There are 2 protein chains.
Amino acid sequence: MKNYRISEAEWEVMKVLWEQSPRTANEVVEALKGQKWSAATIRTLIGRLARKGAVGFRKSGREYLYGPSISREEAARRERGSFLRRVYDGAVQPMVAGLLEDENLSAEDLESLRRLLDEKRRGRK
Amino acid sequence: MKNYRISEAEWEVMKVLWEQSPRTANEVVEALKGQKWSAATIRTLIGRLARKGAVGFRKSGREYLYGPSISREEAARRERGSFLRRVYDGAVQPMVAGLLEDENLSAEDLESLRRLLDEKRRGRK
DNA sequence: CCTGATCATTTACGTCTGTAAAACATCATA
DNA sequence: TATGATGTTTTACAGACGTAAATGATCAGG
């Protein structure tokens, strides 16, 4: 598995494919219609992702059908690891602490996280 | 305040300056001695950060003393926001949930997070 | 003063990324 | 068959980034 980085613009393309795939380039263009890129730009982004190996494709009639080669969870996991290493030298606690300090979490979110934390702590005993 | 991105290599330089500043370029080079860059590379990174405005400097004798123009907390906050937007469309809960799932947290970390969560939840009532 | 050392700045070069048009290949229809 | 439409691939160009040497400016010591 070759190491590659998914750029910010490429993330938007990946999201569309994670949401629904396989898709033709036209369908991806349509899905990203509200954003700032031309169809040509989006096609380039797809092509670059394909060359990197982040996106796979197969011929269907005269078109290609594109799909992600990596799950959204896995991609998120990698990016998270990279982010943690870069910004916090890998330390989780200060990151979450900073997050809780600054971000707006709903009561449901907090409850849900509390439950997850409890499970994790129980698993530690 | 102009928008700029601090690259991965530049983060390492910033960390050194956050740890102790002001510092001369030579001191930064010395602090990063164990890593993979030549002194020339590190000087370029410093110069780029300065041009971006992430690092400030003042003359001292024949050398410059460099220091960060932005706090570590603020830089972390920006990067965190960018990361959340890109990978999770800004949603915190799934990010923390994924984190708890994958990362190795110590019992102390979990306890500390639990406390933070509780404070946050109390503040919500 | 001259020369070497030292520090900052400029230059170099390849790759990646953002943005998108141009060129090419193929299909469908008149 | 010719032409226009359509989808893919190639090309374009500027700036950022990684990596670092080359050059210029200034200082210090013989």
Side-chain angles (χ1 to χ4, degrees), chain A residues 2-17 22-67 75 78-79 82-83 85-87, chain B residues 2-17 22-67 75 78-79 82-83 85-87:
Chain A
K2 204 174 63 158
N3 262 356
Y4 54 78
R5 178 175 175 265
I6 300 177
S7 73
E8 188 150 351
E10 289 164 353
W11 265 93
E12 296 306 315
V13 172
M14 293 301 293
K15 284 180 193 172
V16 166
L17 293 174
R23 281 189 183 197
T24 64
N26 278 339
E27 285 168 335
V28 175
V29 167
E30 195 64 32
L32 290 168
K33 181 160 245 167
Q35 303 211 19
K36 61 191 171 182
W37 303 294
S38 75
T41 301
I42 296 168
R43 285 176 181 278
T44 299
L45 295 174
I46 295 171
R48 284 182 180 167
L49 284 166
R51 188 168 47 173
K52 283 175 181 177
V55 160
F57 54 91
R58 64 175 198 265
K59 194 83 171 186
S60 170
R62 71 180 305 196
E63 295 182 287
Y64 281 172
L65 288 174
Y66 298 94
R78 288 183 186 181
E79 194 72 16
S82 167
F83 164 71
R85 267 192 308 279
R86 185 168 73 252
V87 179
Chain B
K2 201 171 67 157
N3 262 355
Y4 54 78
R5 178 175 177 265
I6 301 177
S7 72
E8 187 150 353
E10 289 163 351
W11 264 94
E12 297 306 314
V13 172
M14 293 302 292
K15 284 179 191 172
V16 166
L17 291 174
R23 281 191 182 195
T24 64
N26 279 337
E27 286 167 336
V28 175
V29 167
E30 195 64 33
L32 291 169
K33 182 159 245 173
Q35 302 208 22
K36 62 192 172 184
W37 302 296
S38 75
T41 300
I42 295 167
R43 284 175 183 278
T44 299
L45 295 175
I46 295 170
R48 283 181 181 168
L49 283 166
R51 189 170 45 176
K52 282 175 181 179
V55 160
F57 54 91
R58 64 173 198 267
K59 194 82 171 191
S60 172
R62 73 177 305 190
E63 293 181 288
Y64 281 177
L65 288 175
Y66 298 95
R78 288 184 189 180
E79 194 73 14
S82 168
F83 163 71
R85 266 192 309 277
R86 185 169 72 254
V87 177

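Just so it is clear, the values below take in all heavy atoms, side chains as well, and ignore hydrogens, waters and symmetry mates. These numbers come from a predicted model, not from an experiment.
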In whole angstrom, what separates A:Leu49's CG from D:dT9's P? 14 Å
At what angle, to 10 degrees, do the two end axes of the helix from C:dC1-D:dG30 to C:dA30-D:dT1 meet, given five pairs define each axis? 30°
Check whether any side-chain heavy atom of B:Val28 sits under 4.5 Å from a side-chain heavy atom of B:Thr24, and report yes or no. no
Student check: side-chain heavy atoms of B:Met14 and B:Leu49 closer than 4.5 Å: yes
Over how many whole Å does the gap from B:Asn26 atom CG to C:dT6 atom C1' extend? 8 Å
Taking side chain as C-beta onward, heavy atoms only, is A:Tyr4 less than 4.5 Å from A:Arg78? yes
What string of B, S and - do you get for nucleotides 10-18 of chain C, 5' to 3', when a contact is any protein heavy atom under 4.0 Å? --B----BB
In this structure, how many angstroms lie between the C1' atom of D:dG7 and the CD1 atom of A:Ile42, rounded? 15 Å
Indicate the atoms forming the closest heavy-atom contact of B:Pro22 with B:Glu27, along with that distance. O-OE1, 4.4 Å
Minimum heavy-atom distance A:Lys52-A:Ile6, with the two atoms named: NZ-CA, 4.2 Å
Could you tell me whether the side chain of B:Ser60 reaches within less than 4.5 Å of the side chain of B:Arg58, counting heavy atoms only? no
For B:Phe57, which contact category applies under a 4.0 Å heavy-atom criterion: base, sugar-phosphate, or nothing? nothing
Sub-3.5 Å donor-acceptor pair from the side chain of A:Lys15 to the main-chain atoms of A:Glu10, do we have one? no
Heavy-atom closest pair (A:Arg62 atom, A:Lys59 atom, distance to 0.1 Å) is O-NZ, 3.9 Å
D:dA20 P sits how many Å from B:Ile46 CD1, rounded? 14 Å
Describe the nucleic acid contact of B:Ala25 in one word from base, sugar-phosphate, nothing, applying a heavy-atom distance below 4.0 Å. sugar-phosphate
Atom-pair distance (CG on B:Leu32; P on D:dT19), nearest Å: 12 Å
In whole Å, what is the span from the OH atom of B:Tyr64 to the P atom of D:dC27? 11 Å
Atom CZ of B:Arg58 and atom P of C:dA8: how far apart are they, to the nearest Å? 14 Å
Could you state the CD-P distance from B:Glu63 to C:dT9, rounded to the nearest angstrom? 12 Å
Could you name each residue pair satisfying salt bridge (charged side-chain N to carboxylate O under 4.0 Å, His left out) that touches residues 29-42 of chain A, not counting sequence neighbours? A:Glu30-A:Lys33
Distance test, side-chain N/O of B:Tyr66 to OP1/OP2 of C:dC7, below 4.0 Å: no
List, with names and distances, any nitrogen or oxygen atoms from the protein found under 3.5 Å away from nitrogen or oxygen atoms belonging to nucleotides 23-30 of chain C.
| from | atom 1 | to | atom 2 | distance (Å) |
| --- | --- | --- | --- | --- |
| C:dT26 | O2 | A:Arg62 | NH2 | 2.6 |

Run the side-chain contact (heavy atoms from CB on, under 4.5 Å) test against A:Phe57 and tell me which residues pass, sequence neighbours left out. A:Ala50, A:Tyr64, A:Tyr66
Within residues 37-48 of chain A or reaching into it, pairs that qualify as side chain to side chain donor-acceptor pair (under 3.5 Å) - sequence neighbours excluded: A:Asn26-A:Arg43, A:Ser38-A:Thr41
